[in-house]
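Quick notes on the structure that follows.
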Amino acid sequence: MSDDDCAAPVPRKIRNDKGGVRFYRPRSSAPPFTAIVHRRGFMFGVAASACTAALGLGSKAQAAGGAAQPPPNATQPDFDFAEIELNARADDLLPEGYERQILIRWGDPLFADAPGFDANDQSPERARRQFGYNNDYTSFIPLPFGSRSSDRGLLVVNHEYPLPHLMFPGLAQDRVAEDITSAQVDVTIASCGHSIVELRRNGARWEVDLASRYNRRITADTPIRISGPAAGHPMMRTQADPTGRLVLGTHDNCNGGITPWGTILICEEGSAEFFAGNVEEHPDRAHMERNHYESSPAGRYGWARFHNRFDFNDSPNEPNRFEWVVEIDPLAPEEPPVKRTALGRFAHEGAHCALAADGRVVVYLGDDWEFEYCYRFVSARRFDPADRAANRDLLDHGILSVARFEADGTVSWLPLIWGEGPLTPANGFADQGTVLLHTRRAADLLGATPMDSPEGYEPSPVTGHVFIALTGNEGRQPDQVDAANPRSANAHGHMLELIPPRVDGKPDHAAERFEWRVFMLCGDPESPTDGATFPEGTSREGWFVEPDNFGFDPAGRMWLCSDGPGIRQHDGLWAMHVSGTKAGLPRLFYSAPAGAECCSPAFTPDGRTLFLSIQHPSAGASSIDTAASRWPDFDADTPPRPAVIAIRRKDGNAVGGA
Ligand code: FEO
Ligand code: CA
Ligand code: CA
């Protein structure tokens, strides 16, 4: 199949979230135009998450025992914090009356016998027993499992990608791929993936329990099982794994989600920059190009210089074994994670769950790339709240659909089913595994709506409405504008709100059609060219651009992180209502340290602790020596370190106000 067969243009995303570095082509010089978050919660009381609440099991809904949710126009409690100023300080900043604890940093030990961090004495053996680099997705799972404890729980954290020039003294950014050593490559491989660590609260402070049996590191070379329709497919087989059912590692783990049965979903957001090779010499060049691979002598991190499987000319199928959603059971540290291929292959940003009216599991999945799509998976079987083991392979069977946003304000979900419509052998689809390996091409043929880089994509626990944060798409031309992506050269991003129909008062996330509307267009409200739509009353610090991921607090208020920073020149965390008279009116709560983005706001069930992931501090610096900030240690011998922080009010009440 050639690119000409694709319905959508073949775009190339600007990966400006990779440490502040423009990775592919530079953004266009189009003039700027002109403005909301996400996560957690589930049946076991994981901090009020969309999943939980959508299930009727969130912090408030749970108390209602699965009864109808509050009306979709309900107003959330007012915020009572004084807004701060957004600024690129060396340190981070919170409102008056709040404090934050540096909970765990890159290199901190995860086990009682693990070594402490030493920038000058790094090894893969040490890194495998320490907290990884560039923490992104973060969630809190209360312990005992199934409880709603806000005193003890598991912190589960993704480690997205390395920044070797900020990890190793003496390494320059523009020489990483050429100069990185074999031992350093293996440290970076050991620093990606995922960490699970048990926390206990002692008064106002949290402590890491290094003796917990749940503590775990998953890295970019941990054995991972492959399941679902693409498992064992010829395109998944390699010389090292002729079965196509066992892959070493997971990387580029961006956002994620928690299932109703309490497993973790982590999302492989891309792989192209981890691989090296000549695309023109790949046996399936069209497939590689459609999936945004480019020719590169060593890849971005030099991995292919020392590990042949990351050279896609030597191992043409190895890339096919990445860019999936990976499921981890935090209660079974000895069990390998599982790549669930039924959820499709693309640049997975997140995987947020909800329950359909009939009890089937719905997962919202965005493809974070310019002109890529928004997906939804609906399981074939129903979730069984009484039998955790029965849900074990629920995500292997079901229907993946892709969204087409109609101009009449409805969303059509187009199913990616082999043998139906254009997804036949005549178009190169031999079976369902092939459809999933070629998810994007299948979605092209179905006529899905190419979007402006879908990031956060998650239902509100209060309204059941599904919000999508789109960070932008400067490549969109005037003749490519549509109702759901209404601005060409979209530099500042926007947000959509999807409205599922209600059955017995509850949102039906498996319905064939939803309604949708624009939640906000981002940009400077005072700029006539930006066309931003923040509500009246938005302060000078309240507006934002390039919305990335978000979470909900137990009261159903949204907490949204930007990742740009674009015309705001700095990233932060904004809080806002999602319904009622103050819907979409943001207030700035947190200003990240220089060069960092904050990610994945996650609350304890009582709303009194907000965990926040601080990723790539001092990104943009060419080496450790030129770092804008040595956050959080501020020590001349210690590089800047990504870290997860715990934010609390000094008076102990709920973050943001009750
Ligand atoms: Fe890893 Fe789409 O942000
Ligand atoms: Ca990001
Ligand atoms: Ca993101």
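Read the numbers this way: they start at 1 and go in the same order the structure lists the ligands and their atoms. The model shown is predicted, which means the values in this text are computed figures rather than measured ones. Keep in mind that the numbers below use all heavy atoms, side chains included, and drop hydrogens, waters and symmetry copies.
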Do you know which N/O/S atom name in D548 is closest to the Ca ion (ligand 2)?
OD2
Name, closest N/O/S atom of D563 to the Ca ion (ligand 2)
OD2
Just checking: D136, one of its N/O/S atoms, less than 2.8 Å away from atom 1 (Fe) of ligand 1, yes or no?
no
N, O or S from C254 under 2.8 Å to atom 1 (Fe) of ligand 1
yes
Pairing of R100 and D91 as salt bridge, 4.0 angstrom limit
yes
Taking the basic N atoms (NZ, or NE/NH1/NH2) and the acidic carboxylate oxygens, is any pair closer than 4.0 Å for E268 and K339?
yes
Just jot down the salt bridge (charged side-chain N to carboxylate O under 4.0 Å, His left out) partners of R105, sequence neighbours excluded, or say none.
D108, D633
For E83, what residues pass the salt bridge (charged side-chain N to carboxylate O under 4.0 Å, His left out) criterion, not counting sequence neighbours?
none
N/O/S atom of D368 inside 2.8 Å of atom 2 (Fe) of ligand 1, strictly under:
yes
Does E455 bring an N, O or S atom to within less than 2.8 Å of atom 2 (Fe) of ligand 1?
yes
To atom 1 (Fe) of ligand 1, the closest N, O or S atom belonging to E160 is OE2
To make sure I understand the geometry: which N, O or S atom in E269 is closest to atom 1 (Fe) of ligand 1?
OE1
Main-chain N/O of H251 paired with H159 side-chain donor or acceptor, under 3.5 Å:
no
Check whether N485 reaches the backbone of D452 with its side chain - one donor and one acceptor, N or O, closer than 3.5 Å.
yes
From [X], does some N, O or S atom reach closer than 3.0 Å to the Ca ion (ligand 2)?
{"X": "E455", "value": "no"}
{"X": "E160", "value": "no"}
{"X": "D136", "value": "no"}

E349 atom (N/O/S) at minimal separation from atom 2 (Fe) of ligand 1
OE1
Go through the steps to decide whether R487 and V481 satisfy the test side chain to side chain contact (heavy atoms under 4.5 Å, CB included), and finish with yes or no.
CA-CA 6 Å; R487 293 185 291 189; V481 162; 5.8 Å; no
